[in-house]
Amino acid sequence: MRSVVRLRTRAGRLPVADDGGGGVLSELADSRERARAALPREVWDYYEAGSGDEVTLGEAEAAWRDFRLRPRVLQDVSRVDLATRLLGTVAASPFVVAPMAFHALAHPDGECATVRGAGDAGCLTVVSTRASRTLEDIGAAATGPWWFQAYLMRDRGLTEALVRRAAAAGARAVVLTVDTPYVGRKGRVSGVRIAVRDDQYLVNLAQHLVPGAVAREAAEQDPSMTPDTIGRLAEVSGLPVVVKGVLRGDEAARCVEAGAAGVVVSTHGGRQLDRVVPSAHALPDVLEGVGGRVPVLVDGGIRSGTDALVALALGADAVLVGRPVLWALAAGGAEGVREVLHGLAEDLRHVMAVAGAARPDALDRSMVTTA
Ligand SMILES: Cc1cc2nc3c(=O)[nH]c(=O)nc-3n(C[C@H](O)[C@H](O)[C@H](O)COP(=O)(O)O)c2cc1C
């Protein structure tokens, strides 16, 4: 006679055994394939592309596997609490949705579906300047906290208007992306025109453009940006400003000294300068430069709870996830986004327990070593 054991997971409690499934990696692979089938070829390529020879893109995921764990034992891990506090924003897990352009290419509800799905998973979302829904609609749809990602545009008044509106719509921080003085050249999509309707491309900008301005030029990144932009955007928005796209400790220190409330270690998903050091390898240097003064987040190739575990043990406060959220959005809308973030959180909960850490702050640098 076979006995059937039903697995039940209460909040924070772990199932006693593996669910027999293929785990979060196979769920992500499945969602990726469903997105590939659902999306027009040029949109798929736009989401997947990296710059140059795609060396950085290709190394991002593998770089997290260069670390090995040194688990603790005899810890009470009967409950694992993933709650994460970032600049006064409280989230249920350290997984954050990375800012990405044009979610309406993946799903008709665009960013409104993303913030709803992420909020339902208890996660923070960072909404891109290039969002395809208005900040007001996104703020109204949000079921959880969100931050606004700003580019400093050639028409600086545009950026200032956007951060003011984002604050009024409910954003709790500004994330200033600094690795994009010019947009990286992506061979995979060079010369390919993606049908982004003007009302989606300019949805948050149209109302601020002075008559006669060439909208797309005014909205290009300003390549003359310097650190004083950090203080300026904090003043205009009344919000903390987190700087995204830093790969060196000395540059991170410069940002903190200019008033940054946080730093995101990022290669922009391998879409800016090709052959930069992978985020996983840049993280320790940035943490040293920051010296605990402000939170440090990291993104690029995070695809499992173990990747996040390595990042948190090295000292990151949270991890951003990019493409997997777009795959989930394309394949399953808001529910798909909720599921992928929930799946990643459950995977992290499991590996943290097995590593002997009941909370993110129980992880530390001694728990990870280079392979
Ligand atoms: C299609 C796409 C669009 C993106 N758009 C933006 C953006 O508008 N602003 C920004 O700061 N980063 C943008 N990024 C970079 C992401 O925020 C993030 O750094 C990166 O995707 C993380 O890597 P991952 O996709 O491997 O998780 C974009 C990335 C992708 C894939």
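For ligands, and for the atoms within them, numbers begin at 1 and follow the listed sequence. Along the sequence shown, the residues carry numbers beginning at 1.
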Which protein non-hydrogen atom lies closest to [atom], naming both residue and atom, and how far is it?
atom: atom 4 (C) of ligand 1; answer: Met100 CA, 3.5 Å
atom: atom 30 (C) of ligand 1; answer: Arg271 NE, 3.5 Å
atom: atom 17 (O) of ligand 1; answer: Pro99 O, 2.7 Å
atom: atom 27 (O) of ligand 1; answer: Gly322 N, 2.9 Å
atom: atom 22 (C) of ligand 1; answer: Asp299 CG, 3.6 Å
atom: atom 3 (C) of ligand 1; answer: Ala101 N, 3.5 Å

Practice task
Would you check whether Leu320 has a nitrogen or oxygen atom less than 3.5 angstrom from a nitrogen or oxygen atom of ligand 1?
Solution key: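 No; every N/O pair is 3.5 Å or more apart.
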Practice task
Could you say whether the N/O atoms of His268 and ligand 1 ever approach to under 3.5 Å?
Solution key: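 Between His268 and ligand 1, an N or O pair is found under 3.5 Å apart.
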Run the numbers for me: atoms of ligand 1, each under 4.0 Å from some heavy atom of [X], listed by number.
X: Gly300; value: 22 (C), 23 (O), 26 (O)
X: Thr177; value: 10 (C), 11 (O)
X: Ser128; value: 7 (C), 8 (O)
X: Gly301; value: 24 (P), 26 (O), 27 (O)
X: Gln149; value: 7 (C), 8 (O), 9 (N), 10 (C), 11 (O)
X: Arg303; value: 24 (P), 25 (O), 26 (O), 27 (O)
X: Tyr47; value: 1 (C), 31 (C)

Exercise for the section: Tell me which one of Lys244, Lys186, Glu61, Arg130 gets a heavy atom nearest to atom 10 (C) of ligand 1. Expected result: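 It is Lys244 whose heavy atom sits nearest to atom 10 (C) of ligand 1.
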Exercise for the section: Spell out, as yes or no, whether a donor-acceptor pair under 3.5 Å connects the side chain of Thr369 to the backbone of Arg68. Expected result: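 Judged by distance alone, no pair lies under 3.5 Å.
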Is the shortest side-chain N to carboxylate O distance from [X] to [Y] below 4.0 Å?
X: Asp361; Y: Arg85; value: no
X: Asp53; Y: Arg275; value: yes
X: Arg165; Y: Glu136; value: yes
X: Lys186; Y: Glu54; value: no
X: Arg116; Y: Glu335; value: no

For a 4.5 angstrom cut-off between non-hydrogen side-chain atoms, does [X] reach [Y]?
X: Thr306; Y: Leu69; answer: yes
X: Leu326; Y: Met100; answer: yes
X: Arg232; Y: Glu160; answer: yes

Exercise for the section: Please say whether the positively charged group of Arg271, taken as NZ for Lys or CZ for Arg, lies over the ring of Tyr46, i.e. under 6.0 angstrom from the six-membered ring centre and within 45 degrees of the axis. Expected result: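 Verdict for Tyr46: a cation-pi partner in Arg271.
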Practice task
Could you establish whether Tyr151 and ligand 1 come within less than 4.0 Å of each other, counting only heavy atoms on the residue side?
Solution key: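 It does; at least one heavy atom falls under 4.0 Å.
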Exercise for the section: May I ask whether Ala60 has any heavy atom positioned less than 4.0 angstrom from an atom of ligand 1? Expected result: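 It does not, in that no heavy atom of Ala60 comes within the 4.0 Å cut-off of ligand 1.
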Practice task
Under 4.0 Å, heavy atoms only, figure out whether ligand 1 is touched by the backbone of Ser266, its side chain, both or neither.
Solution key: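 For Ser266, the contact with ligand 1 is made by the side chain alone.
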Practice task
Please say whether more than 12 non-hydrogen atoms of neighbouring residues, nucleotides or ligands are located less than 6.0 Å from CZ in Arg323.
Solution key: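 Yes, the 6.0 Å shell around CZ holds more than 12 heavy atoms from other groups.
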